[in-house]
Every structure is written in structure tokens, then in C-alpha cells.
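What follows is a set of notes on a single structure, which appears directly below.
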Amino acid sequence: MSGDHSHNEDQVDGGSRFSDSHKHHKDKFKKEHKQKDLRKEKERDKSKHGNSDHKDFSDKKHKDKEKMKHKDGSTDKYKDKYKEKRKEEKIKSFDYKVKLEKENGFASPLHMKLEPDEDSYHCPKNAKTLKRERDDDNDYEFKPKKIKTENEKKAKKRKLDENIKAVKTKNKKGDVADGKKKAKKEQEEKWKWWEEERYTDGVKWKFLEHKGPVFAPPYEPLPSNVKFYYDGKAFMLSAGAEEVATFFAKMLDHEYTTKDVFRKNFFKDWRKEMTSEEKAKITDLKKCDFSEMHQYFKAQSEARKAMSKEEKLKIKEENERLLQQYGFCIMDNHKERIANFRIEPPGLFRGRGDHPKMGMLKRRIRPQDIIINCSKDSKYPEPPPGTKWKEVRHDNKVTWLVSWTENIQGSIKYIMLNPSSRIKGEKDWQKYETARRLKKCVDRIRNQYREDWKSKEMRIRQRAVALYFIDKLALRAGNEKEEGETADTVGCCSLRVEHIKLYPEIDGQEYVVEFDFLGKDSIRYYNKVPVEKRVFKNLQLFMENKEPDDDLFDRLNTSILNKHLQELMDGLTAKVFRTYNASITLQAQLKELTSGTSLHDTTLHCRAVIKGPPEENIPAKILSYNRANRAVAILCNHQRAPPKTFEKSMQNLQTKIDAKKAQLSAAKRELKSAKADAKVRRDEKSKKAVEAKKKAVQRIDDQLMKLEVQATDREENKQIALGTSKLNYLDPRISVAWCKKWGIPVEKIYNKTQREKFAWAIDMADDDYEF
DNA sequence: GAGGACACTTAGCAAGATGCGT
DNA sequence: ACGCATCTTGCTAAGTGTCCTC
């Protein structure tokens, strides 16, 4: 470890030196050793899972001030080469990165009902603010122009509609029979919030009323015949200790109950819940035998599965009742669906990846932990009898209804509205509008950061290279995280030297950077990308005289980067690049893949795309869409574990294909003989027989094609999750426009939940929409 | 400018619901 | 009608980014 540090300038022109305090290094050293065992375990674990040959990452970070040499003498002659490169890049990653399966359908909660239910909400006089002022802060295109002029009319009309609705609700009572009709009507009456003006000044609502959260069911003690054993002897636990023990017992099948960190954290927290006698007696987790408890829970879940239809229905009805009672709120005259009205039940914390806090006890949340947010003039939610809320506040500058502080990280959890709600939808729409604004100035910004690669100042170069990664590779910003509190993951700004490797030349390509790090959710990011020479030289510079666990961009953090971005464009942050690049990629890929010619992709022997005019072929179109979606998912590194049943289901599909093929050749033979027959007989009957056979062949051929498309799609999708990008990064108007253009029903692309979330886009996008 | 509190979006997994072939 | 595969939904962790204080 080098401690030879002295200078402190921010210029890129001197000899490269680090200035780092020795103390800092010593601490680092100690910590590193402490971490070693942990890491070894990580490794083992990883190889067990077979998902990573990932190298040993250190947990340490630090900031160094150094003096660096400007040794980048390269000239830049890329002009519009850049665009091509990007394109190549994308195709590349498509090739080498993992292939995939079918869409995994991410979603959000159920449909929402607009009609208030019987025990109708108390609605205050001043809650009728229908018309809102325009938000002046941004987004010229946020609102379709015509709406501005029509707004008043619409608002009035809506008011009228609502009155009608209110009347309807009254004579609703018990008419279960025409539920279908009603559902239809509801659809027609869906509130088009996107045709209204938005609030100004951060006001999120004027009126908010809800019923509060649903608490986790209380703990039910185990029957007395289910025993816990310590050191081979039955041991009666106190209720508190028993509850925590059951959390562990339930997880016994999971591999992580064998992990040291998990066990240690669990045992420590468990002991806190024990009585002093228990504490004295139970001192070694290894001597604890939870197997009887485990068996009991297993049996219970079996029993649940084997329940009669009536019992299942009963549970369903109860859930529905809860949903109706607690699952909705009134926000500004509209009944809106709440996303997560249930409080998270207690249990053992299991973070993602190698989380230092795995196994800790996640406390039960009580009413006195809960903060309620609602209108002053609303009917406040009641705390359960004999309890009190921690606080009831009336903050209409925020969107949450309920919050509490969680005990593992000390972070705040919220109950908020469903994605189909106005408040979420508006924000979502706005997000895409910001990304569209970026589209207009992205060339300027790209030119700018290229210029900055040559800057005299180290911090500017670092900023420019980081931004290049964020733009080109859709990396996340990479906020700093508190060490030891979470799994060791990074994003762009927090990349460390150990996360990249530089190859001046490899596999016939120049200036290749190999990325290998764990990103959000400890998902591995691995990519080998050729970069521009100047970037490469800069990276060499940044890495000079650094330890593997030093920050690659030691003069940069997300706040600096975002401040810079803010200056380049109003509302621009690192995250916007991900949205922009995802959406623009989808649009480009859809154009390319759907046009017909480019579908003759020889690497993907798919007859479907080769054969016939695309407009006649919906499955092929959907495949094209999924591929475009997939390109984005790959760009954003949205991975998933291959489904457990993948191999099997692939086999099943192949069996089906084989069977279909056999069927096809049989049908063809029959056709042939029918033809021969017709030639000899020359009568109507045999002619007809030929026609029938022809049709049969055609039909079977179509079926076969469909199966093959399905197989291709699924294979390609094996380890790619399409849902995340679909739900969070792709401007839904692109998809809607594509559907309209090619006559594909939107239902083929978006399921019900997704259609609800994207109702605004489905309503407003025409077939010529351009992102 | 560092650090923490806060609000809100993005993320993958798995349980539960649905659908499909037999 | 049943059993399995797939799709949907719920769950909640883990990010981003802003604002405030010192």
C-alpha cells in the first residue's frame, strides 16, 4: 500500500501523486482484513449459485486529492462516428449478452373502481377544486395544446359526469348481476386526469381522505404439541421469543439460514426478545432445533393449498372486503387506488446480495409508529381500539398517506397511491417529457462532454468520462452509500478502480474497457466495450497510482454531476439519460425490426420473420416488439434468474414443435396424394378434397410458425427481464403508437394493470407519435 | 461540501391467480 | 375437471435526487 502522497492540486499537468492520510490507510487496512472472511464467504456463495465468477470486491472507499499529469496527447477526429458506434455497441451487447425468455409481466395492483362504496367518504365543501392552475415550471409539451383551450369545458363536463356517477352509486345496491355492464361503464367513465391542469408550487393535492393502513395479523402462538428443542431437550419459549423463532423456522429451507452473517444477526436479535431465563439457557444457535416448527409451517401451507373451494372463496372475499375498505382513498374528488395499504409484517430481514444486515429482526409496526397524512378537513382514519397514531399531519406537498420508520436501516416507508392514480401518472408523464427535452439537446451535451475530455481540470475530465458512461452504457448515477450498512454495490460515480480493466487491444478491437461490478440489487454488470481513445487515455490517467479499492472518479460524485447536468438542461439529472436512451432505443429498434427487411435475421433462424408480409403476422410483430424491448432491457442490464422450470418448459415446447412438424409433413403427404387423386379423377369432390388439404397444411404451418416464434422469444428471454424497462423506462406512447400503426391490439403489449398505468398514453398517443 | 432526512422511483423475486392441454 | 405452466400481482429492498443544516 502506497503512502507516498503529497500534492493537492486539481490540475492535470503535474506528476501523478496521491495525497492520502496514513491514518486513513491504516483504518482501511484493518477494515479490509475484517472484511476478508466475509468476502470469502461471498465467493463461496456465489459459486454455489453459479451465477458469477465475480472478482473479490473490497468494501472500502476513499477520497484522495492528487496531482495528475496531463498525458493525453490524442487528437479527436470522431465526428458523427459516434452515432454509428453507439449502434454497433448495442447490436454487440445484444449478441453476447445472455438470451432470454418470455415477458415476466411486472405489474402493480388491481383495477380501480371509481364509484364510492356505501359507507361513503365524508366529503368537505372546499374539496371541489376541480380546476387547477398550470404548473409553470416546465414541460412545454407536457400538455397537449388543444387541452388548454378546452380545459374549462372539460372540467365542467367532468363535474357533470361526477354528479351522474354519484346518482348512479345511490341506486347501485346489490345488483350483482349486471356487474359486467357496470365494469364497462366504469371504463367509459374513467377519469382523464391528463386532460386537466396540474397543481403549481409543489402542492400535490387539496383534499385527501383515507382509512389508514391494515396492520399485520397478530402473532398466533404455536399449538403446544409443536415444540422447540434446545440441546436435544424440549424447551418452552415465551411468546415473544417464540414468534421470532418461527421467523427463522419458516426459512429453514432457504440456503441463507446457513450463512454466518444471517445466523449471527438473527441470533443477536432473537436474544433481545428472550426473557432472562431464556437468554441464560439459549446461548448457541447450533443447539437450537426448529425442525418441528418448520414441519408445522410446511404442513400449514400444504393445508392451505388443499383447502376446499368454499374456504378459498371465503378468504378471497375477505381480501376483497379489506381492499374495498382500505384499498382506496379520496384524493381531490376522485376515488383512487392505494398501492400498498398493508403494513409490512414482522420477519427476518433478507437484503439482496451480501447484505451485512441479513437475518436481523424486522420489528412489528404498531399504531404508535405510524404517521398519518390526510386533509385537515377529512375524516381521519381511526387507530385500532386502545391505540394512538404517532402523529396525524396534513402535508399536501407530499403524496404519501401513511409512513413509518423501519428499524433495519432506519429508513422511512410509505403508503402511496397506485401507478394508475393521477398523482403517479402525472409524474410518470412528466418524466418522459423531460427525457424528450433531453433528446433535443443531447447532441450539444455530447459535444460538450467530448470537449471536456480534454479539459485541464481533472474534475472536469472525470465528470465528462462518467457522463459518457452514463450516456453510452446507461449506467446508474452511483450515489455514495454508507459502508457496512448495505451490500457493496456501485453505480457510475462510485465505480472503483477494481471494477474496470483496460485493454489497449483485445479481440481485434482497440481501447476496450471491461466492466465488472455489482450494481443495484447486487446484479452483476459485465460488459466489454470499445471506447474512444481519449476516454481510454483518461481512464488510464484516473487509475494511475491508485489501489484497486480507490474510487475511479475521485473528484466526482452524483451531486457534482447532477449540478452540472442541471446547468446543461433544466431538470436534467443522470437518471434522465437512462430514460432517454431506453425510450429512444425502443423507438429505433421498433422502426428497424418491424420494417420487414431487417427481420431476415440469419442468426435467429425464425421462419416467422422471414416469411410473408409482416402486416399479416401478429405473432411475428409481437416478437419484433419483444426484441426491441429486449434490446432496452439489455442496455439497462435488467436481468433475472432463469426460471426454475426453464429447461423443462423449453423441452416441452420443442416436443410440441416436433410433433407439429410431423403433423405438417403428414398433412403435406395427404395433400400430395389428394392432388394425385384429383388428377386422376378430375371431379369436383376430389378438387374440394385438395382444397381442404391445402387449408389444413396452411393451418398447421401457421401453428408451427407460432410455436417457433414462441420458442425463439423464450430462448432469447431466458435471463432478461423485460418488465422493468417496460414499466419504468419506455415511454408508453411509443408502444401505443406502434400498436396503432401496425394494427396490433394494445392488449398484446400491455396487460390490464399496465393498461391502467398507461391509460394516459393509450388515450393520447396517435400512430405518428414521435418520442 | 458533507451528511442526514426525506420523498419518491426502480427492482427482482415468489406467491397466488389464471389459463391451457389432456 | 385436473394438474401443470405461465402470467399477474404483491411485496419490499435498493436505488436516485432534493433539501436542509452545520
Side-chain angles (χ1 to χ4, degrees), chain A residues 63 101-111 202 204 254 301 304-305 309 312 315-316 319 323 339-345 347 349-353 355 357-358 362 371 373 395 397-400 403 405-406 408-419 423-424 427-428 431 476-482 485-487 489-494 518-523 557-563 565-566 571-576 578-579 582 633 636-641 643-646 648-650 652-653 656 710 714 719 721 723-729 751-754:
Chain A
K63 305 260 162 281
E101 200 215 321
K102 243 199 140 187
E103 208 246 316
N104 174 29
F106 279 66
S108 27
L110 292 169
H111 67 288
K204 303 288 167 56
H254 274 111
S301 89
R304 221 172 306 126
K305 274 183 210 150
K309 273 194 178 150
K312 279 184 181 167
I315 292 173
K316 212 175 157 187
N319 279 335
L323 173 68
N340 55 327
F341 56 89
R342 285 169 203 273
I343 301 275
E344 298 170 16
F349 176 81
R350 180 20 166 148
R352 317 259 165 87
H355 199 115
K357 299 195 171 181
M358 65 169 78
K362 201 167 97 167
I371 302 174
N373 193 31
D395 183 355
K397 297 271 208 296
V398 297
T399 66
W400 54 267
S403 76
T405 302
E406 154 265 2
I408 304 285
Q409 324 267 1
S411 63
I412 308 167
K413 301 259 187 171
Y414 303 94
I415 290 181
M416 291 183 187
L417 296 193
N418 193 65
I423 212 156
K424 293 287 182 195
K427 199 80 189 293
D428 206 36
K431 173 180 78 189
R476 294 189 184 82
N479 281 319
E480 285 124 303
K481 317 165 55 180
E482 213 173 322
E485 295 291 300
T486 59
T489 63
V490 297
C492 185
C493 294
S494 49
L518 295 184
K520 181 176 179 181
D521 292 322
S522 293
I523 297 291
N557 60 37
T558 52
S559 139
I560 294 170
L561 180 65
N562 281 333
K563 245 175 226 157
L565 292 175
Q566 188 58 235
L572 186 60
T573 62
K575 181 160 112 55
V576 180
R578 247 167 106 80
T579 312
C636 294
N637 201 39
H638 290 143
Q639 297 186 25
R640 62 165 182 178
K644 282 180 199 110
T645 55
F646 184 81
K648 208 172 127 203
S649 87
M650 220 48 210
N652 289 158
L653 200 53
K656 270 193 214 164
Q710 207 186 337
R714 188 178 301 182
Q719 301 179 55
T724 305
S725 50
K726 201 179 199 175
L727 232 43
N728 299 299
Y729 289 103
N751 68 29
K752 192 158 81 65
T753 320
Q754 293 164 340

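In the text below, chain A, chain B and the rest are named by the order of the sequence lines, each starting its count at 1.
Relative to the side chain of Thr573(A), the nucleotides dG12(B), dT18(C), dC8(B) differ in distance, and dT18(C) lies closest. When each of dT16(C), dT8(C), dC8(B) is scored by its nearest atom to the side-chain atoms of Met416(A), the top-ranked nucleotide is dC8(B). Each of dC8(B), dC11(C), dT12(C) was ranked by its minimum atom distance to the side chain of Lys427(A); first place goes to dC8(B). Distance from the side chain of Lys575(A) is smallest for dT16(C) among the nucleotides dC13(B), dT16(C), dC8(B). Each of dA11(B), dA2(B), dT12(C) was ranked by its minimum atom distance to the side chain of His638(A); first place goes to dA11(B). Minimum atom distance to the side chain of Gln566(A) is reached by dT18(C), of the listed dT18(C), dC6(B), dG17(C).
Without hydrogens or angle criteria, Glu406(A) side chain to Ile412(A) main chain gives no donor-acceptor distance under 3.5 Å. Checked by atom type and distance alone, the side chain of Asn728(A) pairs as donor or acceptor with a backbone atom of Thr724(A) at under 3.5 Å. Within the 3.5 Å criterion, the main-chain N or O of Asn557(A) finds no donor-acceptor partner in the side chain of Glu480(A). In this structure, Asn562(A) contributes its side chain and Ala574(A) its backbone to a donor-acceptor pair below 3.5 Å. When atom types are taken as modelled, the side chain of Lys362(A) and the backbone of Gly347(A) share no donor-acceptor pair closer than 3.5 angstrom. Asn340(A) contributes no side-chain N or O that, together with a main-chain N or O of Arg342(A), makes up a donor-acceptor pair within less than 3.5 Å.
To the nearest angstrom, C1' of dC11(C) lies 8 Å from NZ of Lys362(A). Between the CD atom of Glu482(A) and the P atom of dA14(C) there is a distance of 14 Å, rounded to whole Å. Atom C1' of nucleotide dC11(C) and atom CZ of Phe349(A) are separated by 13 Å, given to the nearest angstrom. Residue Lys413(A) contributes atom NZ, which lies 14 Å from atom C1' of dA7(B) at whole-angstrom precision. Between the OH atom of Tyr414(A) and the P atom of dC8(B) there is a distance of 7 Å, rounded to whole Å. Asn562(A) has its CG atom 12 Å from the P atom of dC19(C), to the nearest Å. Distance Glu344(A) CD to dA14(B) C1': 16 Å, rounded to the nearest Å. Asp521(A) places its CG atom 6 Å from the P atom of dG15(C), with the value rounded to the nearest Å.
Within 4.0 Å of Tyr729(A), counting heavy atoms only, lie sugar-phosphate atoms of the nucleic acid but no base atom. Looking at heavy-atom distances under 4.0 Å, Lys204(A) makes contact with sugar-phosphate atoms alone, never a base. At a threshold of 4.0 angstrom between heavy atoms, the contacts of Gly478(A) are confined to the sugar-phosphate backbone, with no base atom among them. Backbone-only contact: Arg476(A) has heavy atoms under 4.0 Å from sugar-phosphate atoms and none from a base. Residue contacts for Thr399(A): at a heavy-atom cut-off of 4.0 Å it reaches the sugar-phosphate backbone alone, with no base atom in range. At the heavy-atom level, Glu406(A) lies nowhere under 4.0 Å from the strands shown. Within the nucleic acid shown, Gly519(A) comes within 4.0 Å of sugar-phosphate atoms alone, with no base atom in reach, counting heavy atoms only. Among the heavy atoms of the strands, none lies under 4.0 Å from Ile560(A).
Of all the heavy atoms in Trp400(A) and Asn373(A), the pair that sits closest is O-ND2, 3.0 Å. Here the closest heavy-atom approach between residue Leu561(A) and residue Cys493(A) is recorded as CD2-SG, 3.9 Å. What you find for Thr489(A) and Ser522(A) is that their closest heavy atoms are CG2-OG, 3.5 Å. Across all their heavy atoms, His355(A) and Ala487(A) have their closest contact at ND1-N, 4.0 Å.
The phosphate of dT9(B) has OP1 or OP2 within less than 4.0 Å of a side-chain N or O from Lys424(A). Contact annotation: Gln409(A) side-chain N/O to dA14(C) OP1/OP2 distance is under 4.0 Å. Remark: Asn479(A) is in phosphate contact with dT16(C), judged by side-chain N or O atoms under 4.0 Å from OP1 or OP2. Close to dG15(C), at under 4.0 Å from its OP1 or OP2, lies a side-chain N or O of Thr489(A).
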(message) At under 4.0 Å between heavy atoms, how does the protein contact nucleotides 16-22 of chain B? Give one character per nucleotide, 5' to 3', with B, S or -.
(response) --S----
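One finds a salt bridge joining Lys357(A) and Glu485(A) here, because a Lys/Arg side-chain nitrogen approaches an Asp/Glu carboxylate oxygen to under 4.0 Å.
Within 3.5 Å, a donor on the side chain of Lys520(A) pairs with an acceptor on the base of dT10(B), or the reverse.
By the salt bridge (charged side-chain N to carboxylate O under 4.0 Å, His left out) test, Lys413(A) pairs with Glu344(A), sequence neighbours left out.
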If you restrict it to nitrogen or oxygen atoms, what contacts under 3.5 Å exist between nucleotides 20-22 of chain C and the protein, and what is each distance?
none

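Positionally, the nearest nucleotide of DNA chain B for Gly410(A) lies more toward the 5' end than for the other of Gly410(A) and Val398(A). The 5' end of DNA chain B is approached more closely, in terms of each residue's nearest nucleotide, by Lys563(A) than by the other of His254(A) and Lys563(A).
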